[in-house]
Amino acid sequence: MALIQTAFIWLSYAIAVALVAVAAAAFTYTYQTPRDRSAAVTTVTIFTLTSLLATVFLLPVDIALVSSTSSSKLGIKKDWATPERVDSILLTLKVVYYTLYSLDALLCLIVIPFTYFWYEEYDEVDAEEGTQSFAQRFWNAFKYTIVFILLALIVFLVGFFVPVAAHDRDGRMDLDYFRRLLSANKGERALTFALGLLITLGTVLYVLYTSAGFAFMPISFIKSAPSISAPQLYASTASALVQNRERQRQLEGRSAGRPDGLPAKDQRELEGLVREERTLVRRERLAAEAQGQGQSKVAKAWTKLCAIFRPLKLLGGIFMLLISILIWVSMLITGIDKAKNSICKEQCGYILDRVHIFQPIDWIFVQSSKVFPIDYILMALLVLFFFASSVAGIARVGIRFLWVRLFDIRKGRTSPQGLLLATMMLSLMVLAINYAITTIVAPQYSLYGPQTFCTSPPRHAGDAPDCTDHPELIKQCTKLSHADKSGNICTPSVVSTFINRITANFPFFGAVDFWAQFAFLAIFFIIFVTALFRTPKLNLSEIDQDAEADEEEGLLASTGRRFGRSEEHTSELQSP
């Protein structure tokens, strides 16, 4: 029975990873520009996002496996859950976790930078040969990646030799759970330091982008910006086009009787009017197509279908808004609870022994974890909600250096370089999301799940505790209850142990990551209130850019077709 349950849990995880791969592919093909697609960029993006989300999706598997070793109704370990079997389950989870975390760090620090420079070298031309060979392109990309390789080596070497925090053994840190956190070997310590650094860097991006997406995404469903199909836009564009052409006729008529043509000032105005006319024509065409003019029957049917399901979009936006507020309240409750009741405060990154204040999200997960895979489905939806909010935040804010916008992240308009940088940012943000879910959003669930223990002493020496007749003596597992190495009381999850090891061994990371959650909550609240009372505006410049890009792609496609036909015609003439 235990083997069947374990196999079912891992099978559920495999299905989830497959679905994650589909979601990563959908994200990649939705946002990248069709004109400049690169097989290397596409592959690395899909693989990186799949690996990252697979790491977070391992949390409910971790909880389900360690919880399956005990009976939550009796508060004791099951008969088959011997110390050897429990250690085997934990070792398997550790191997999977360390493999995924190491892969995430490798992809973020080395593979993505190499792919970026590999694509940048695509248009480079060798002065002698005229084109670059594969070896030349590989070396040029690797040459720039050496800096990132050295950076990764430095991070791991620092983690290998840096001393861990010296906690007071006579204080409250002298507990079995914390002794386990501080007993990591140097290899684990190096990986712990590297992941702690990446999580802290990702937390900065998580605060800036995910918080913004948390507010913008639901409101964008509820308060959609005025569509380009609005008749007002079509009418105003047509009116502006008439005025533009009338002004051009006036200037051209003024130059009719002048042998030397228009003055320089009028000539510059005429050139500006010509450029503006092209923009207005593209805008009018887009507005007309959005209204159904000149569309095919399929496109018209799709437009009508979107209009029919618009109420569902509104309801979905309201539902996501309620979820955002519920998560925000839950995070605030946990933050206050940790700041007030942490047993070691900043010395261990505000690790909380147990939840002292009722926290709705954590309670929902603890209750649902009693029946697998309900908690798995809820956790998958929660992770995807955080991930979608991060994508929405990047799309809304853009990739910036200070106030300078480097790349725009838009559907069908994202360059390969922008897609790779967005993937790197999402890599760091997903690591920060993993920390936030484990320690802030669902702390009790992430630590022990539904595990309980019996506080009644055993009736006979060597027997297990018995709470059959006294269910009131069954208590929820906490860090203080974890005191038996044989696993007769509670078994903490592997991910919570790893995250808490980071904060306990390197309290600076724990303190920064913890207080950054309040910055996340503050930024969300400010953006949410501002967006709630702000009327959405139509971004005409973005519409013009899209129209210009569509026109360029259409010209390139038609040119390619004409070039292909001319080559075919030439070959026919040359054939005997």
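Small disclaimer: the values here were computed from a predicted structure and weren't measured.
Between atom CD1 of residue I357 and atom CG of residue D362 there is a gap of 12.5 Å, rounded to the nearest 0.5 Å. With rounding to the nearest 0.5 Å, the separation of CG in D62 from CG in L90 is 8.0 Å. Taken from CD1 in I333 to CH2 in W328, the straight-line distance is 10.0 Å, to the nearest 0.5 Å. Note that the CG atom of L421 and the OH atom of Y116 stand 5.5 Å from one another [nearest 0.5 Å]. Here M217 contributes atom CE and I323 contributes atom CD1; the two are 10.5 Å apart, rounded to the nearest 0.5 Å. Here the straight-line distance linking atom CD of Q367 with atom OH of Y445 works out to 12.5 Å at 0.5 Å rounding.
Using a 4.5 Å cut-off on side-chain heavy atoms (C-beta onward), N140 and F117 make no contact. Looking only at side-chain heavy atoms (C-beta outward), I440 and K338 come within less than 4.5 Å of each other. Contact of the L107 side chain with the S427 side chain is not registered, since no non-hydrogen atoms from C-beta on lie closer than 4.5 Å. Counting heavy atoms from C-beta on, the side chains of F386 and I327 come closer than 4.5 Å. Taking the side chain as every heavy atom from C-beta outward, P416 and R37 never approach each other to under 4.5 Å. Residues T33 and T414 are not in side-chain contact: their nearest non-hydrogen atoms beyond the backbone lie 4.5 Å or more apart. A 4.5 Å side-chain heavy-atom check between P443 and T438 finds every atom pair outside the cut-off. Between L109 and L198, some side-chain heavy-atom pair lies under the 4.5 Å cut-off.
In F47, the CZ atom is not crowded: 12 or fewer heavy atoms of neighbouring residues, nucleotides or ligands sit closer than 6.0 Å. Counting non-hydrogen atoms of other residues, nucleotides and ligands closer than 6.0 Å to OH of Y144 gives a total of 12 or fewer. No more than 12 heavy atoms of other residues, nucleotides or ligands shown are found within 6.0 angstrom of NZ on K94.
S390 meets the side chain to side chain donor-acceptor pair (under 3.5 Å) test with T210; sequence neighbours excluded. In this structure, S68 has no side chain to side chain donor-acceptor pair (under 3.5 Å) partners at least two apart in sequence or on a different chain.
There is a side-chain donor-acceptor pair under 3.5 Å between Q359 and T334. Residues T55 and N434 bring no donor and acceptor atom of their side chains to less than 3.5 Å of each other.
In summary, of the residues considered (I409, I399, L420), a side-chain contact (heavy atoms from CB on, under 4.5 Å) with M425 occurs for I399 alone.
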What's the verdict on side-chain contact (heavy atoms from CB on, under 4.5 Å) for Y98 and L93, showing C-alpha distance, side-chain angles and the deciding distance?
-> CA-CA 8 Å; Y98 287 170; L93 286 170; over 6 Å; no
Kindly determine whether N505 and F193 satisfy side-chain contact (heavy atoms from CB on, under 4.5 Å), including the steps that lead there.
-> CA-CA 9 Å; N505 288 284; F193 178 83; over 6 Å; no
Chi angles and distances behind the side-chain contact (heavy atoms from CB on, under 4.5 Å) call for L426, V391 = CA-CA 8 Å; L426 287 172; V391 174; 4.1 Å; yes
Under the side-chain contact (heavy atoms from CB on, under 4.5 Å) rule, what do L49 and F387 come out as? Steps first, then yes or no, please.
-> CA-CA 10 Å; L49 295 178; F387 180 78; 4.1 Å; yes
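Taking each heavy atom of V66 and P492 in turn, the nearest pair found is CG1-O, 4.1 Å. Taking both residues in full, the closest heavy atoms of F365 and D375 are given as CE2-O, 3.8 Å, listed atom of the first, atom of the second, then distance. Taking all atoms of both residues into account, the shortest heavy-atom contact from G317 to F221 is CA-CB, 3.5 Å. When every heavy atom of L59 is checked against every heavy atom of M379, the shortest pair comes out as CD2-CE, 3.7 Å. Taking each heavy atom of L103 and S51 in turn, the nearest pair found is CD2-OG, 3.5 Å. Taking both residues in full, the closest heavy atoms of G449 and S369 are given as C-OG, 4.2 Å, listed atom of the first, atom of the second, then distance.
Relative ring orientation between F385 and F214 is described as perpendicular, the plane-to-plane angle rising above 60° on a 0-90° scale split at 30° and 60°. The aromatic rings of Y97 and Y101 sit parallel, their planes meeting at an angle under 30°, below the 60° perpendicular limit.
One N or O on the side chain of S496 and one on the backbone of S493 form a donor-acceptor pair closer than 3.5 Å. Between the side chain of R396 and the backbone N or O of A212 there is no donor-acceptor pair closer than 3.5 Å. In this structure, the side chain of Q451 engages the main chain of T491 through a donor-acceptor pair within 3.5 Å. For D337 (side chain) and V355 (main-chain N/O), no donor-acceptor pair under 3.5 Å exists by modelled atom type. T423 contributes no side-chain N or O that, together with a main-chain N or O of T45, makes up a donor-acceptor pair within less than 3.5 Å. Remark: the backbone N or O of N500 is paired with a side-chain donor or acceptor of T503 at under 3.5 angstrom.
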N/O donor-acceptor pairs under 3.5 Å from side chains in residues 12-27, not counting sequence neighbours:
{"residue": "S12", "atom": "OG", "partner": "F8", "partner atom": "O", "Å": "2.9"}
{"residue": "Y13", "atom": "OH", "partner": "A54", "partner atom": "O", "Å": "2.9"}

In a table with atom names and distances, give each donor-acceptor pair under 3.5 Å that connects a side chain of residues 145-161 to protein atoms at least two apart or in another chain.
{"residue": "T145", "atom": "OG1", "partner": "A141", "partner atom": "O", "Å": "2.6"}

Pairs of donor and acceptor atoms involving the side chains of residues 510-524, under 3.5 Å and at least two apart or interchain, shall be tabulated with distances.
{"residue": "D513", "atom": "OD1", "partner": "T200", "partner atom": "OG1", "Å": "3.3"}
{"residue": "D513", "atom": "OD1", "partner": "T203", "partner atom": "OG1", "Å": "3.4"}
{"residue": "W515", "atom": "NE1", "partner": "Y350", "partner atom": "OH", "Å": "3.3"}
{"residue": "Q517", "atom": "OE1", "partner": "Y206", "partner atom": "OH", "Å": "3.1"}
{"residue": "Q517", "atom": "NE2", "partner": "D513", "partner atom": "O", "Å": "2.9"}

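Within the structure, no pair that satisfies the ring pair (Phe, Tyr, Trp, His ring centres under 6.0 Å) test touches residues 409-442, not counting sequence neighbours.
Checked against the 6.0 Å centroid threshold, F216 and F528 do not count as a close aromatic pair.
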